[in-house]
Amino acid sequence: MFTGIISDVGSIESVETRGDTRVVIRTAYDTATVDLGTSIACSGVCLTVVDKGPGWFAVDVSGETISRTAQGQWTQGRKLNLERAMKLGEELGGHIVTGHVDGIAEVQGICPEGDSKRIGFRVPSDLGPFIAPKGSITVDGVSLTVNEVKDHADGSTRFSVNLIPHTQAVTTLGGIEQGQAVNIEIDVLARYLQRMEAYRGTR
């Protein structure tokens, strides 16, 4: 489990295609404290540390994961929001995040609001019902509060979030661009509601 509070911005140093894709990530973490087999969320994707050294760790990314995450996510030089798994008893600063991506959103607009930025996203119709104003959502691993939600005639849903200067400074979202694809995880409670609704429809 994670909280969506980013503790480092790493960068992909190398990508090697083998059975899965081996990705080496540069980090400011003290990797002496990172055990092999532990989980680290990489821009919202829970991955297992399979190798490490001073200032870096490696993960294996399956074809399934690559197909379900934002295009261009696993390329050399890409910046990644990093979060180590939450320990029992730690402060839950964001919201409960599983590290399982539910879908991809596209940035529709970026508007300055004082020192903050309002970012608009478009998500496909299957995710729209589970995004609510003032609810929690995870964008590229970052816990955010939904400001506004609008459903459109084409079946898609647009929602917006506000990025304060601190969030811009300590995550990759400070450099987000129009048209960019990002990983989305809906709130875990909404995920259970989604399952209940699907089950009810089969009865």
For Arg84 against Thr33, the heavy-atom pair lying closest together: NH2-O, 2.7 Å
Joint hydrophobic cluster, Val61 plus Val34, side-chain heavy atoms closer than 4.5 Å: yes
Side-chain donor or acceptor of Glu83 paired with backbone N/O of Gly4 under 3.5 Å: yes
Donor-acceptor contact present, side-chain Tyr29 to main-chain Phe57, <3.5 Å: no
Step-by-step side-chain contact (heavy atoms from CB on, under 4.5 Å) determination, Arg26 to Trp56: CA-CA 4 Å; Arg26 277 279 158 196; Trp56 64 271; 4.0 Å; yes
Donor-acceptor under 3.5 Å (Thr69 side chain, Thr65 main chain): yes
Distance in Å, Leu144 CG paired with Thr171 OG1, rounded so as to fall on 0.5 Å steps: 8.0 Å
Between Thr172 and Asn81, a side-chain donor and acceptor under 3.5 Å: yes
For Ile25 against Cys42, the heavy-atom pair lying closest together: CD1-SG, 3.8 Å
Ile104 versus Ile184, closest heavy-atom pair with distance: C-CG1, 4.5 Å
Ile12 reachable from Leu47 in the ILVMFWY side-chain graph, under 4.5 Å edges: yes
Interatomic spacing from NZ in Lys150 to OG in Ser160 - rounded to 0.5 Å: 8.5 Å
Asp102 and Glu185: CA distance, side-chain angles, deciding distance, side-chain contact (heavy atoms from CB on, under 4.5 Å) verdict: CA-CA 5 Å; Asp102 291 299; Glu185 181 181 332; 3.5 Å; yes
Linked, directly or transitively: Val24 and Leu82 (ILVMFWY side chains, under 4.5 Å): no
Minimum heavy-atom distance Val97-Thr3, with the two atoms named: CG2-C, 3.8 Å
Whether over 12 other heavy atoms sit under 6.0 Å from His166 NE2: no
Any donor-acceptor pair under 3.5 Å from Thr75 side chain to Gly72 backbone: yes
Over 12 non-hydrogen atoms of neighbours within 6.0 angstrom of CD in Gln71: no
Hphob cluster co-occupancy, Val170 + Ile164, side-chain heavy atoms under 4.5 angstrom: no
Main-chain N/O of Pro165 paired to Asp115 side chain as donor or acceptor, under 3.5 Å: no
From Glu148 atom CD to Phe159 atom CZ, the distance as rounded to the nearest 0.5 Å: 12.0 Å
Atom pair CG (Leu173) and CG (Leu163), whose distance is rounded to the nearest 0.5 Å: 5.5 Å
Contact summary for Gln73 and Asp140, nearest pair of heavy atoms: OE1-OD1, 4.3 Å
hydrophobic_cluster_shared for Val142 and Val107, side chain cutoff 4.5 Å: yes
Val45 side chain reached by Arg68 side chain, heavy atoms, under 4.5 Å: no
Donor-acceptor side-chain pairing of Arg78 and Ser43 below 3.5 angstrom: no
Salt bridge (Lys or Arg N to Asp or Glu O under 4.0 Å) partners for Asp187, two or more places apart: none
Beyond-backbone contact of Phe121 with Ile131, side-chain heavy atoms, under 4.5 angstrom: no
Phe130 vs Ile137, side-chain contact (heavy atoms from CB on, under 4.5 Å): CA-CA, chis, key distance, verdict: CA-CA 10 Å; Phe130 308 100; Ile137 197 162; over 6 Å; no
Asn162 side, atom CG; Arg118 side, atom CZ - distance, nearest 0.5 Å: 6.0 Å
Over all atoms of both residues, closest heavy-atom pair of Val59 and Thr48: CG1-O, 3.4 Å
Gly174 backbone acceptor or donor facing Lys117 side chain under 3.5 Å: yes
Gln76 (side chain) donor-acceptor with Glu13 (main chain) under 3.5 angstrom: yes
Spacing of CZ belonging to Arg122 relative to CD belonging to Gln108, to within rounding of 0.5 Å: 5.0 Å
Worked verdict on Ile96 versus Met86 for side-chain contact (heavy atoms from CB on, under 4.5 Å): CA-CA 10 Å; Ile96 295 175; Met86 181 174 61; 5.6 Å; no
Ser156 side chain to Arg158 side chain, donor-acceptor N/O pair below 3.5 angstrom: yes
Pair Thr157, Asp151: side-chain N/O donor-acceptor within cut-off below 3.5 Å: yes
